[in-house]
Amino acid sequence: MTARSPKKDSEIGVKELGKRMGEMMEEFRAVREELREGFKEQGRKMREEIEDLRREFREREKRWKEEREETNKQKEKMEERIRRLEEKMEERKEEKKEEERNGRGEVGEKMRELERRLERKEKEERRRNIVIRGLEVKEERRRENAEKLLEGIGAKVKAIEVKRIGGDAEKGREMVLLKLENEEQKWEVMEKKRSLVGRKERITEDLSWEERRMNWRLREIA
């Protein structure tokens, strides 16, 4: 038997190069397929996002339409209330004219002047007062708890009088009226009461019945 001649380096190099090129082509096809699938997935996600945005826009447009309709209804109700108030004012004017014709206008004016004086006197007495709503009171230590609350918000004031004016004693919280030394202390408290945000206690001015009634009517109209 004759021994086979060894392969030349050129033959080995060509075959090896062909093999490597085949492997590279396979890798290229795999990468291309992966990219194609990636593009498909991205396209699908983008279509889903677009559809979600369209759905959200339709829902918002529906809500805006409902809100506009509700606003129009409220506007119509407000216009109706204004019309009724104007009618009542006209009726009151007619009644006043009738009273004046009957000689009762002077008496009515005196009564109104007396009411105004009483109102001014009541406002003067309440000018330096504050009201604490929801004050936690333990063992009837009303003054100590009120002063502690005011110190906590940074108000350096002194209460001349502290008394309970309402609240639920069983729950341990009361509505308390404080008469301070002067009006400047009251405004210091009113300026710093914003520190009570998030707490159950509320600090308000000591308003007269007429002022509370006016505030209630303004809130109702608003």
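Note that the structure is predicted; figures quoted are calculated from it, not measured.
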Please lay out, stage by stage, how Arg83 and Glu79 fare under the test salt bridge (charged side-chain N to carboxylate O under 4.0 Å, His left out). CA-CA 6 Å; Arg83 185 184 64 79; Glu79 291 175 348; over 6 Å; no
Rounded distance [0.5 Å steps], CZ in Arg84 versus CD in Glu87: 8.5 Å
For Ile221, the side chain to side chain contact (heavy atoms under 4.5 Å, CB included) test, sequence neighbours excluded, returns Met78, Arg81
Would you kindly confirm whether Leu180 and Leu177 end up in one hydrophobic cluster when ILVMFWY residues are joined by side chain heavy atoms under 4.5 Å apart? no
Can you list the steps and then say if Arg173 with Glu201 is a side-chain contact (heavy atoms from CB on, under 4.5 Å)? CA-CA 9 Å; Arg173 293 188 178 273; Glu201 297 89 347; 3.6 Å; yes
Walk me through whether Arg44 and Glu48 qualify under salt bridge (charged side-chain N to carboxylate O under 4.0 Å, His left out). CA-CA 6 Å; Arg44 183 184 63 79; Glu48 290 179 354; 2.5 Å; yes
Counting only heavy atoms not in Arg20 (residues, nucleotides, ligands), do more than 12 fall under 6.0 Å from its CZ? no
With hydrophobic residues grouped by side-chain heavy-atom distances under 4.5 Å, do Leu196 and Val176 end up in a single group? yes
Val162, Ile132: one ILVMFWY side-chain cluster at the under-4.5 Å cut-off? yes
Can you spot which of Glu26, Glu27, Glu33 makes a salt bridge (Lys or Arg N to Asp or Glu O under 4.0 Å) with Arg29? Glu26
Side chains of Arg55 and Glu59 in contact at under 4.5 Å (non-hydrogen atoms): yes
I'd like to know whether CZ of Arg194 has more than 12 heavy-atom contacts from other residues, nucleotides or ligands below 6.0 angstrom. no
Around atom CZ of Arg36, are there more than 12 heavy atoms of other residues, nucleotides or ligands at under 6.0 Å? yes
Between atom CD of Glu113 and atom CG of Leu118, what is the distance when rounded to the nearest 0.5 Å? 10.0 Å
Tell me the closest heavy-atom pair linking Lys186 and Ile130, and the distance in Å. CG-CG2, 3.8 Å
How many angstroms lie between CG in Leu178 and CZ in Arg128, if you round to the nearest 0.5 Å? 12.0 Å
How about Asn129 and Lys179: do any of their side-chain heavy atoms sit closer than 4.5 Å? yes
Arg126, CZ: over 12 other non-hydrogen atoms inside 6.0 angstrom: yes
Might you confirm whether atom CD of Glu34 has over 12 heavy atoms from other residues, nucleotides or ligands at distances under 6.0 Å? no
Could you go step by step and tell me if Arg92 and Glu95 meet the side-chain contact (heavy atoms from CB on, under 4.5 Å) rule? CA-CA 5 Å; Arg92 180 56 187 156; Glu95 291 176 359; 3.3 Å; yes
May I have the list of side-chain donor-acceptor pairs in residues 144-160 shorter than 3.5 Å, sequence neighbours left out?
{"residue": "Asn145", "atom": "ND2", "partner": "Glu136", "partner atom": "O", "Å": "3.2"}
{"residue": "Asn145", "atom": "ND2", "partner": "Arg141", "partner atom": "O", "Å": "2.9"}

Using a strict threshold of under 4.0 Å (side-chain N to carboxylate O), is an ion pair present between Arg47 and Glu51? no
List, one per line, each side-chain donor-acceptor pair under 3.5 Å for residues 60-68, sequence neighbours excluded.
{"residue": "Arg60", "atom": "NE", "partner": "Glu56", "partner atom": "OE2", "Å": "3.4"}
{"residue": "Arg60", "atom": "NH2", "partner": "Glu56", "partner atom": "OE2", "Å": "2.8"}

Donor-acceptor side-chain pairing of Trp187 and Glu183 below 3.5 angstrom: yes
Got a sec: does the CZ of Arg116 have more than 12 other heavy atoms crowding it under 6.0 Å? yes
Shortest non-hydrogen pair, Arg142 vs Leu135, comes out as O-CD2, 4.1 Å
Interatomic distance, Glu80 atom CD to Leu85 atom CG [nearest 0.5 angstrom]: 10.0 Å
